[in-house]
Chemist: 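First the structure, which I've put down as structure tokens, then a few questions once you've had a look.
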Amino acid sequence: QRLSRNPAGTTKGRGGPPRARSLFVELTLSCDPKRRRMGSMRFGARVVLAGAVVFVLGVCLLLRSDGNNGAGGVGRASWQQRPLRVSRDRLTVKDNVFHMGKDPIRIMSGSLHYFRIPEKYWQHRLKAMRHLGLNTLTMYIPWNWHEPNEGQYDFESEMHNVAEFITQAGQLGLFVIVRPSPYICAEWEWGGMPAWLMHHDDLQVRTLDPEFTTAVEKYFDVLIPILAPLQAVFGGPIVAFQVENEYGSYGSDVDYMRWQKELLTSRGVVELLMTSDGGPQLPAGKAPDVLQTVNFQSDANRQLDMLRDAQPDKPLMVMEFWSGWFDHWGEQHSVVPADVIVSTLENIIDANSSFNFYMFHGGSNWGFWNGANMQEDMYSPTVTSYDYDALLSEHGEPTIKFWEVRELLERKGLIDAAHLPAMPPLPAPPKAFGTLLATTGSGLLELLEVASVEHLTTTVTDTKPLAMEDARLNGQGLGFVLYRVPASPARGPLHGTLMLSGIRDRATVCDGGGNVMYVAERPRDSKLAAAEKAVSLDKDEDLVVLVENMGRVNYGDTLDQQHKGLLDPIAFRPSVVADQKQGVRLLSPVVTSGLAFGPEWLDQAAGVMPAGIFGDPVPAPALMVFDFEIDDKPTDTFVSTKGWSRGVVFVGTFCLGRYDKAGPQSTMYLPGTLLKQGKNRIMVFETHRVPDEASIKLVGHPRLG
């Protein structure tokens, strides 16, 4: 349920921003959904109310419990059947040791991202964590996932119910460390910050810029009331919060970090606070009176020495022990051998340090949500798979690392493997479904000429192309932008050289019939000049440029430079210049249209396509449809895009993610939760060239490189 805040400060939508599903408070309030609203109540009043009633409600509800102490009954209607934590033990620091209540504890944690895992598989991934012997879940919360448009919040739809995820972890006996910073990195689109921030001219992120702080505070006014009642002090599983994220790699403003801390404490967060940085960045990333933790993959002793130097006499914690690494398009698949991870982990354990596997299980970068990196001025977008070479594979299967880590933990006396919960079976083991032939398809420009589809596309006309953020394309921050220079007597024919600069990130240049003339990518080296290519268009042909936002940078010092689309005017140089003064000219006007491929647009686009393909090739950019049936219960599978060039895959109207012939991955994980017994539909939007035989395969194994 998407929600928005109107200027008066009240909420629109069913029930307002959902109250936190506290292990105690929500059990009572959820019986009356009309009472689950924020309204104009001040957060402080809510916390006082929660604190006053939590103990009585907890005891009463515990007595009413049916005694179930397993992980079952996790549906939204089964809150009263869940076991409850009533000890309210809290994570504290005493000298150089973590304590849970009165007992010393080593945090053995793993990172899972609820937004990268189908909601029906959350339980499986969490149970696998328990089978390994870990005692804590560590999790990010991406701001742009929950507030994709300013003032419109989503904490309840598929893969958005963060309180449900935390509660499920608690029911399985896991403590939870929450990392709710407005910036999370995580190889996620713009590090979790929403694109609409760029509607504010010259806004500087991760600073005390008033426009940035105001936006963050409004978001935290909604987010923290969801999390606060789930804290250990109220009997919930949250034992710690992280302040900002790897700030030492970006800045060193102590006042900014003090404000980040107060964002939490002023809204009712009372649990232990931590920061997280690489070893060399620890001095710059600290916050006043906040425990520091360190991130690394190797050289554990040196990194932990830096942490000791930064804060003597405090417990050691590796917030991110990188179990693998991520991939960029056009590069080799990253693999970190299991023996390297196990050896480093042994050093961490021998140093008496706590640790968190980043990642325990990676998941997938659905849709257009992948991030990117600038590597010495080279733009490198992250692939769809976030397998990360982690302990669990992208589809949830234990890897060799999982079993070797488990053996080490047992050998070190940190777990009793014989008494750990059983390893859960895969919910829907992957299998192959064979080859699918396209049942219909259409060129993109043909679709946009159909009124029922065209009215769903936001259009703005200006003297120059507008960046995705500047055009305000109905809030669109992801996907594609289509630029059209209409045919007109003033423009005339275009025979000469087209010059495109400021491409962010890939431009497909077409004639008025939708035929691809050439593809111009954002220069891998940002210092290179504009892309110049010969074109030939008659006076009655439109010039069309489709630009793909391939993912905003999620790490480094270029976070304030993430506009997408065409950032510069479209220039043209005639091949024959009658007047020497004419030379290069800027094409105008330019019609800018947003293409977010929303569910309604996709449904209508498929509905207006021809009934079948009759042998003629479909010119790219094109949307191809594959209808098929599944006789048995659906299972996980993998979409092989071998033979295709570049584009996006949809299952129904859910955007699975991008594919690219550059690799390294050539399959895309398709969870069985997106399929159904009976009729199914996959759509492929190809930007470059549709294969002569328009087919895809559903295979039983991933190919990541």
Side-chain angles (χ1 to χ4, degrees), residues 20 22-24 47 50-51 54-55 58 84-112 126 129-130 133-141 162-163 165-181 224 227-245 260-261 264-265 267-277 286-295 304 307 311 313-321 348-349 351-358 360 414-415:
S22 165
L23 291 174
F24 298 116
V47 172
V54 69
F55 180 75
L84 304 171
R85 288 184 65 246
V86 296
S87 67
R88 293 187 293 177
D89 285 341
R90 299 172 64 192
L91 182 66
T92 58
V93 171
K94 296 179 182 178
D95 297 324
N96 62 346
V97 178
F98 287 116
H99 282 73
M100 188 65 66
K102 296 180 180 180
D103 299 322
I105 184 174
R106 185 196 300 264
I107 298 170
M108 300 191 298
S109 178
S111 286
L112 289 178
L126 292 167
M129 185 178 288
R130 292 290 292 117
L134 303 184
N135 56 27
T136 303
L137 161 71
T138 298
M139 52 175 287
Y140 277 132
I141 299 178
V162 59
F165 182 64
I166 293 170
T167 301
Q168 288 188 22
Q171 299 308 311
L172 291 172
L174 290 165
F175 302 114
V176 178
I177 297 174
V178 178
R179 309 172 79 184
S181 168
I224 301 306
L227 302 176
L230 292 165
Q231 295 179 97
V233 69
F234 296 143
I238 299 177
V239 296
F241 288 80
Q242 184 176 294
V243 178
E244 237 277 352
N245 186 60
Q260 281 280 333
K261 175 185 175 182
L264 300 170
T265 58
R267 287 164 175 79
V269 168
V270 296
E271 303 302 336
L272 184 66
L273 300 180
M274 304 176 174
T275 60
S276 168
D277 286 288
K286 64 184 178 181
D289 300 316
V290 173
L291 184 73
Q292 292 187 277
T293 68
V294 69
N295 305 336
L304 290 172
L307 181 57
Q311 54 172 27
D313 303 321
K314 297 293 184 182
L316 300 177
M317 170 73 183
V318 184
M319 181 61 79
E320 292 188 13
F321 173 38
I348 292 171
I349 293 171
N352 200 30
S353 176
S354 293
F355 57 86
N356 170 57
F357 287 107
Y358 187 97
F360 170 74
L414 299 180
I415 63 172

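For reference, positions follow the sequence shown, starting with 1.
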Chemist: Would you indicate whether the side-chain heavy atoms of Ile141 and Leu227 approach each other to under 4.5 Å?
Modeler: yes

Chemist: Just to verify, what does Val93 make a side-chain contact (heavy atoms from CB on, under 4.5 Å) with, not counting sequence neighbours?
Modeler: Phe98, Leu272, Leu291, Lys314, Pro315

Chemist: Drop me the distance from Leu134's CG to Phe357's CZ, to the nearest 0.5 angstrom.
Modeler: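 Rounded to the nearest 0.5 Å, the CG-CZ separation comes to 6.5 Å.
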
Chemist: Indicate the atoms forming the closest heavy-atom contact of Gly110 with Met129, along with that distance.
Modeler: O-CE, 3.4 Å

Chemist: Return the CD1 to OG1 distance between Ile105 and Thr136, rounded to the nearest 0.5 Å.
Modeler: 5.5 Å

Chemist: State which residues pass side chain to side chain donor-acceptor pair (under 3.5 Å) with Ser109; sequence neighbours excluded, sorted by chain then number.
Modeler: Thr138, Asn356

Chemist: Measuring from atom OG of Ser181 to atom CD of Gln260, what distance do you get when rounded to the nearest 0.5 angstrom?
Modeler: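 It is 5.0 Å, given to the nearest 0.5 Å.
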
Chemist: Please report the interatomic distance CG(Leu91) to CZ(Phe175), rounded to the nearest 0.5 Å.
Modeler: 8.5 Å

Chemist: Does Lys102 have any side-chain contact (heavy atoms from CB on, under 4.5 Å) partners at least two apart in sequence or in another chain, and if so, which?
Modeler: none

Chemist: Just jot down the side-chain contact (heavy atoms from CB on, under 4.5 Å) partners of Arg106, sequence neighbours excluded, or say none.
Modeler: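 Counting only residues at least two positions away or on another chain, Arg106 forms a side-chain contact (heavy atoms from CB on, under 4.5 Å) with Met108, Ile349, Asn352, Ser354, Phe355, Leu414.
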
Chemist: Walk me through it: do Glu244 and Thr275 pass the test side chain to side chain contact (heavy atoms under 4.5 Å, CB included)?
Modeler: CA-CA 7 Å; Glu244 237 277 352; Thr275 60; over 6 Å; no

Chemist: Would you say Ser111's side chain and Met139's backbone share a donor-acceptor pair under 3.5 angstrom?
Modeler: no

Chemist: Does a side-chain heavy-atom distance below 4.5 Å link Pro237 with Leu174?
Modeler: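 No - every pair of side-chain heavy atoms lies 4.5 Å or more apart.
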
Chemist: What pairs with Tyr358 under side chain to side chain donor-acceptor pair (under 3.5 Å), at least two apart in sequence or on another chain?
Modeler: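 With neighbours one apart ignored, the set is Tyr386.
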
Chemist: Take Val269 and Ile238 through the side chain to side chain contact (heavy atoms under 4.5 Å, CB included) test and state the conclusion after the steps.
Modeler: CA-CA 10 Å; Val269 168; Ile238 299 177; over 6 Å; no

Chemist: Find out whether Leu307 and Val318 are in side-chain contact, i.e. whether some heavy atom of one side chain is under 4.5 Å from a heavy atom of the other.
Modeler: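 With C-beta onward as the side chain, the pair stays apart.
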
Chemist: To the closest 0.5 Å, what do you measure between CG (Leu316) and CG (Asn96)?
Modeler: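 Taking CG in Leu316 and CG in Asn96, the distance rounds to 8.0 Å.
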
Chemist: Is it the case that over 12 heavy atoms from other parts of the model lie below 6.0 angstrom from the NZ atom of Lys286?
Modeler: no

Chemist: Kindly compute the distance separating CD (Gln242) from CE (Met319), expressed to the nearest 0.5 Å.
Modeler: 5.0 Å

Chemist: Stepwise, does the side chain to side chain contact (heavy atoms under 4.5 Å, CB included) test hold for Leu172 with Gln168?
Modeler: CA-CA 7 Å; Leu172 291 172; Gln168 288 188 22; 5.7 Å; no

Chemist: Donor-acceptor pair, distance only, cut-off 3.5 Å: does the side chain of Gln231 make one with the backbone of Ala228?
Modeler: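 Indeed, once roles are kept as given, a pair shorter than 3.5 Å links the two residues.
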
Chemist: Suppose we screen for side chain to side chain donor-acceptor pair (under 3.5 Å). Which residues come up paired with Asn135, at least two apart in sequence or across chains?
Modeler: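 By the side chain to side chain donor-acceptor pair (under 3.5 Å) rule, Asn135 matches no residue at all.
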
Chemist: Return the minimal non-hydrogen interatomic distance between Phe241 and Pro180, and the atom names on each side.
Modeler: CD2-CG, 4.2 Å

Chemist: Given 3.5 Å as the limit, does a donor-acceptor pair link the side chain of Glu271 with the main chain of Arg90, or not?
Modeler: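 Pair absent, no side-chain N/O of Glu271 close to backbone of Arg90.
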
Chemist: For Val243 and Leu264, which heavy atoms make the closest approach, and how far apart are they?
Modeler: CG2-CD1, 4.0 Å

Chemist: Any sub-3.5 Å donor-acceptor pair from Asp89's side-chain atoms to Gly101's backbone N or O?
Modeler: no

